[in-house]
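Letters A, B, ... are given to chains in the order of the sequence lines, protein chains preceding strands, and every chain is numbered from 1.
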Number of protein chains: 2
Amino acid sequence: MKSNVTMKDIAEKLNVSSVTVSKALNDKEGVSEELKEKIKTLADKMGYRYNTMAKSMKDGKSYNVCVIIPERYTGMTQSFYLKVYQAIAQILEDRGYYGIIHILPNEDEDQLKLPRIYHERRVDGFIMLGQPSKEYIELMQSVEMPLVFLDFYDENDNVDAVITDNFYGAYEITNSLIQQGHKEVAYVGNLFSTSSIQDRFLGYYKSLLEHKIHLKQEYVISDRDERGAFIEMDLPDQMPTAFVCNCDQVAHLLIERLNKEGYRVPEDCSVVGFDNDIYATLTTPHLTTVEVDIEEMAKNTVKFICDKMDNPEVKFGRVAVKGKIIYRDSVKAIK
Amino acid sequence: MKSNVTMKDIAEKLNVSSVTVSKALNDKEGVSEELKEKIKTLADKMGYRYNTMAKSMKDGKSYNVCVIIPERYTGMTQSFYLKVYQAIAQILEDRGYYGIIHILPNEDEDQLKLPRIYHERRVDGFIMLGQPSKEYIELMQSVEMPLVFLDFYDENDNVDAVITDNFYGAYEITNSLIQQGHKEVAYVGNLFSTSSIQDRFLGYYKSLLEHKIHLKQEYVISDRDERGAFIEMDLPDQMPTAFVCNCDQVAHLLIERLNKEGYRVPEDCSVVGFDNDIYATLTTPHLTTVEVDIEEMAKNTVKFICDKMDNPEVKFGRVAVKGKIIYRDSVKAIK
DNA sequence: CTGAAAGCGCTTACAG
DNA sequence: CTGAAAGCGCTTACAG
């Protein structure tokens with residue numbers, strides 16, 4: 001069944017025109033119910049498959065949305081991005097679009113090479129998932145193509161971006177610690193490394209401020225160098241009762257370190273993470289953390305990109321999606 | 001720059017025909033070098049982008065290869081599949097094809113629904129990455145479309161499949177244990193759960209046979225129930241000196257269990273895994289394990305699918321790609 | 001070396 | 001309700 005059946009083939013068998021077949025198969029006006037049924041039945045029987053390429057050519061749309069993920073985000077722990085893609089693809093599907101993953105090789109990023117799919121007009125919009133270099137961002141913006149940033153943003157303010165509410169998430173989880181009696185709360189993360197580490201720090205800080213807790217310099221503990229490589233953490237001389245870590249992986253490392261130094265978690269000190277990724281449940285004890293709302297982020301992203309494909313003028317700006325605290329076993333209440 | 005420049009636009013500016021433009025842009029015979037250069041330069045300046053949809057329509061090919069991954073393989077630990085996809089996409093790219101991921105929703109798998117991309121003729125071949133239900137396999141095979149299985153196979157023997165050499169990998173790693181003096185070696189895995197657990201067991205068994213070591217029933221330890229959920233493992237009364245685990249995650253669980261029972265790894269007993277996934281380095285000590293050769297598997301898969309797209313008659317059968325032992329700290333030599 | 005004609009499979013006006 | 005004509009952007013085969 002090499003199935004190269006076309007509308008014309010169906011039309012000929014039925015002695016009608018291919019225009020009529022087209023109308024019938026697309027449920028359009030202008031064909032009698034009876035004929036429509038007959039056409040549909042025959043199409044099925046002949047194993048007809050609609051050729052979208054032809055439609056694409058007619059209306060100059062590819063019905064593809066390309067999700068670009070920088071290669072360096074596809075490491076071991078980052079099945080996060082595959083999940084995000086899955087959610088996006090599912091929602092695009094409902095709108096009749098296809099999601100296409102493009103993993104951006106590091107060298108293409110350096111050489112400012114756009115994906116071939118762009119040059120071949122096989123895409124109507126871009127979703128940039130994960131932050132590439134500044135230069136690459138500019139390149140993407142210079143191209144007249146609907147574009148939405150996902151999971152990061154740019155200082156440039158005429159961009160549309162969907163991000164997790166890092167600030168609010170860290171604020172909330174720090175609040176929960178304080179509500180459980182913690183007054184000596186440290187933050188773990190290099191504030192100058194990424195915007196999300198910084199924003200999470202600020203949420204933590206706001207919580208301290210609101211509770212009139214003084215921010216001690218030695219309670220802000222760096223976890224990585226400028227290039228993102230993890231470093232040995234500097235534990236303060238006077239230990240806090242709780243640590244707010246900028247991500248689950250760092251919470252995992254911190255707990256290993258604490259154990260080595262003889263501290264038990266959560267008996268001696270509490271630790272919370274962020275992301276609810278694989279490290280959250282790999283760590284003993286399982287981590288109390290902030291879960292990112294992937295579904296909601298995907299929904300927003302798809303809505304934005306679709307609206308922009310319909311009307312390139314619309315703007316959404318930065319939209320932060322709130323996460324949710326997942327309570328597990330790494331926090332102890334203090335009386 | 002709404003860039004709807006077509007070959008015709010270029011042709012008109014230069015007072016030539018669009019046929020000539022087509023030839024020039026495709027580096028075909030029949031245009032003077034001089035004119036060719038002129039055309040290319042102008043095309044660049046006008047921001048021309050080639051429209052592959054038109055070409056696709058002409059020659060009835062989509063230049064897309066769809067990589068289907070059953071939804072249930074996209075869980076936390078499975079960034080493995082994203083890596084495999086990345087390798088495949090890269091190699092397809094070199095051949096002028098696009099890789100398209102389709103995550104097969106569980107319900108589509110149950111209801112035997114093929115991806116929309118198939119019905120819309122936007123794909124020239126399928127790569128099935130990860131084993132779906134028997135019924136879904138049959139469905140895929142009933143469709144006249146080049147198809148390659150990746151990372152699993154089917155008893156049906158007229159299929160083309162690229163798999164890791166589970167048998168050989170387990171054989172080799174067990175050999176290495178025995179060479180280091182281990183004589184009491186157990187295997188951990190439910191032999192009736194998946195074909196790869198079974199094949200790895202057989203490789204382990206062959207190594208025992210070759211070394212004239214008797215296989216003790218209590219040394220074959222089940223790790224999961226029929227539905228794949230992990231169960232409490234039954235440690236034998238007389239402990240072996242080494243355990244061959246069917247995967248790194250189970251090695252990780254086993255070590256946790258051993259620690260709880262007071263055994264230290266590798267001092268009291270050695271443990272090896274399989275896969276070299278995230279668990280291999282998350283576990284303390286880091287695991288000696290078998291690394292799957294993703295690059296080689298991807299190369300084979302792409303070669304097979306491309307050859308089949310050119311000539312649907314070619315057959316490759318099952319091809320097993322050998323892995324490589326990664327030596328780390330979970331094994332101690334015995335004098 | 002160059003180009004007019006026909007066609008890939010569909011849809012959009014428009015006419016009957 | 002039905003269909004002839006034209007066109008989407010390109011390429012192939014053929015003629016000059």
Side-chain angles (χ1 to χ4, degrees), chain A residues 2-40 42-43 46-64 96 116-124, chain B residues 2-40 42-43 46-64 96 116-124:
Chain A
K2 189 89 214 0
S3 181
N4 284 335
V5 185
T6 70
M7 287 190 181
K8 211 172 140 211
D9 297 330
I10 300 174
E12 277 166 8
K13 287 235 183 188
L14 251 31
N15 275 315
V16 297
S17 82
S18 61
V19 177
T20 302
V21 175
S22 168
K23 283 174 185 159
L25 260 24
N26 286 297
D27 275 321
K28 295 226 169 123
E29 304 270 280
V31 200
S32 66
E33 274 308 317
E34 201 192 331
L35 183 53
K36 190 186 277 186
E37 273 319 303
K38 233 161 93 185
I39 291 175
K40 286 188 172 179
L42 182 60
M46 293 175 71
Y48 171 76
R49 288 188 294 146
Y50 187 93
N51 186 328
T52 9
M53 295 289 174
K55 179 170 169 55
S56 279
M57 253 204 51
K58 262 306 262 182
D59 48 39
K61 298 185 59 176
S62 67
Y63 296 99
N64 286 151
R116 181 166 59 102
I117 204 173
Y118 166 77
H119 290 109
E120 296 190 349
R121 290 172 183 263
R122 279 170 168 256
V123 64
D124 302 334
Chain B
K2 190 86 213 9
S3 179
N4 284 334
V5 186
T6 70
M7 288 189 181
K8 211 172 141 211
D9 297 330
I10 299 175
E12 277 166 7
K13 288 236 182 188
L14 252 31
N15 274 317
V16 297
S17 81
S18 62
V19 176
T20 302
V21 175
S22 167
K23 282 174 186 158
L25 261 22
N26 286 297
D27 274 322
K28 294 224 168 125
E29 305 268 280
V31 200
S32 66
E33 274 307 319
E34 200 191 333
L35 183 51
K36 192 187 273 188
E37 273 319 305
K38 233 160 94 183
I39 291 175
K40 286 189 172 178
L42 182 60
M46 292 174 72
Y48 173 74
R49 289 187 293 146
Y50 187 92
N51 187 327
T52 10
M53 296 289 174
K55 178 169 168 57
S56 278
M57 253 204 51
K58 263 304 263 182
D59 48 39
K61 297 186 59 176
S62 67
Y63 297 98
N64 287 151
R116 181 165 60 99
I117 205 173
Y118 166 76
H119 289 109
E120 296 190 349
R121 290 172 182 263
R122 281 172 166 252
V123 66
D124 301 335

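A 3.5 Å limit on both hydrogen-bonding distances identifies no Watson-Crick or G-U partner for D:dA13. Remark: D:dA4 base-pairs with no nucleotide; criterion is Watson-Crick or G-U wobble with both hydrogen-bond distances under 3.5 Å.
Expressed to the nearest 0.5 Å, how far CD1 of A:I10 lies from CD1 of A:I39 amounts to 8.0 Å.
For B:M53 and C:dG9, the CE to P distance is 16 Å, given to the nearest whole Å. The CD1-P distance, from B:I39 to D:dC10, rounds to 13 Å in whole Å. Rounding to whole angstrom units, CE of residue B:M7 and P of C:dG3 are separated by 14 Å. Distance, A:R122 CZ to D:dG9 P: 16 Å, rounded to whole Å. Atoms CG (A:D27) and P (D:dC1) sit 14 Å apart, rounded to a whole Å. Rounded to an integer number of Å, the gap from CE of A:M57 to P of C:dG7 is 16 Å. The NZ atom of B:K36 sits 17 Å away from the C1' atom of C:dG3 (whole-angstrom rounding). One can place CG of A:L14 at 17 Å from P of D:dC1, the figure rounded to the nearest angstrom.
The shortest distance between the side-chain N/O atoms of B:S17 and the OP1/OP2 oxygens of C:dG3 is below 4.0 Å. Residue B:N26 places at least one side-chain N or O closer than 4.0 Å to OP1 or OP2 of D:dT11.
Under the 4.0 Å criterion applied to side-chain N and carboxylate O atoms, A:D9 and A:K13 are not assigned as salt-bridge partners.
Residue A:Y118 comes nearest to B:R49 through the heavy atom pair O-NH1, 2.7 Å, listed as atom of the first residue, atom of the second, then distance.
When each of D:dT2, C:dG9, D:dT11 is scored by its nearest atom to the side-chain atoms of B:S18, the top-ranked nucleotide is D:dT11. With distances taken from any side-chain atom of B:L35 to the nucleotides D:dG9, C:dT2, D:dC10, the minimum falls on C:dT2. Each of C:dG9, C:dG3, D:dG9 was ranked by its minimum atom distance to the side chain of B:T20; first place goes to C:dG3.
Counting heavy-atom neighbours within 6.0 Å of A:K38 NZ, excluding the residue itself, gives a total of 12 or less.
Ranked by how close their nearest DNA chain C nucleotide is to the 5' end, A:K8 and B:S32 are led by B:S32.
In this structure a side-chain-to-backbone donor-acceptor pair under 3.5 Å is present from B:T52 to A:E120. The backbone N or O of A:R122 lies less than 3.5 Å from a partner atom in the side chain of A:S62, making a donor-acceptor pair.
Tested against A:S22, the residues A:L25, A:V19, A:N26 include a single side-chain contact (heavy atoms from CB on, under 4.5 Å) partner, A:N26.
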For nucleotides 12-16 of chain C, tabulate all protein N/O to nucleotide N/O atom pairs closer than 3.5 Å, reporting atom names and distance.
from: C:dT12; atom 1: OP2; to: A:K28; atom 2: NZ; distance (Å): 3.2

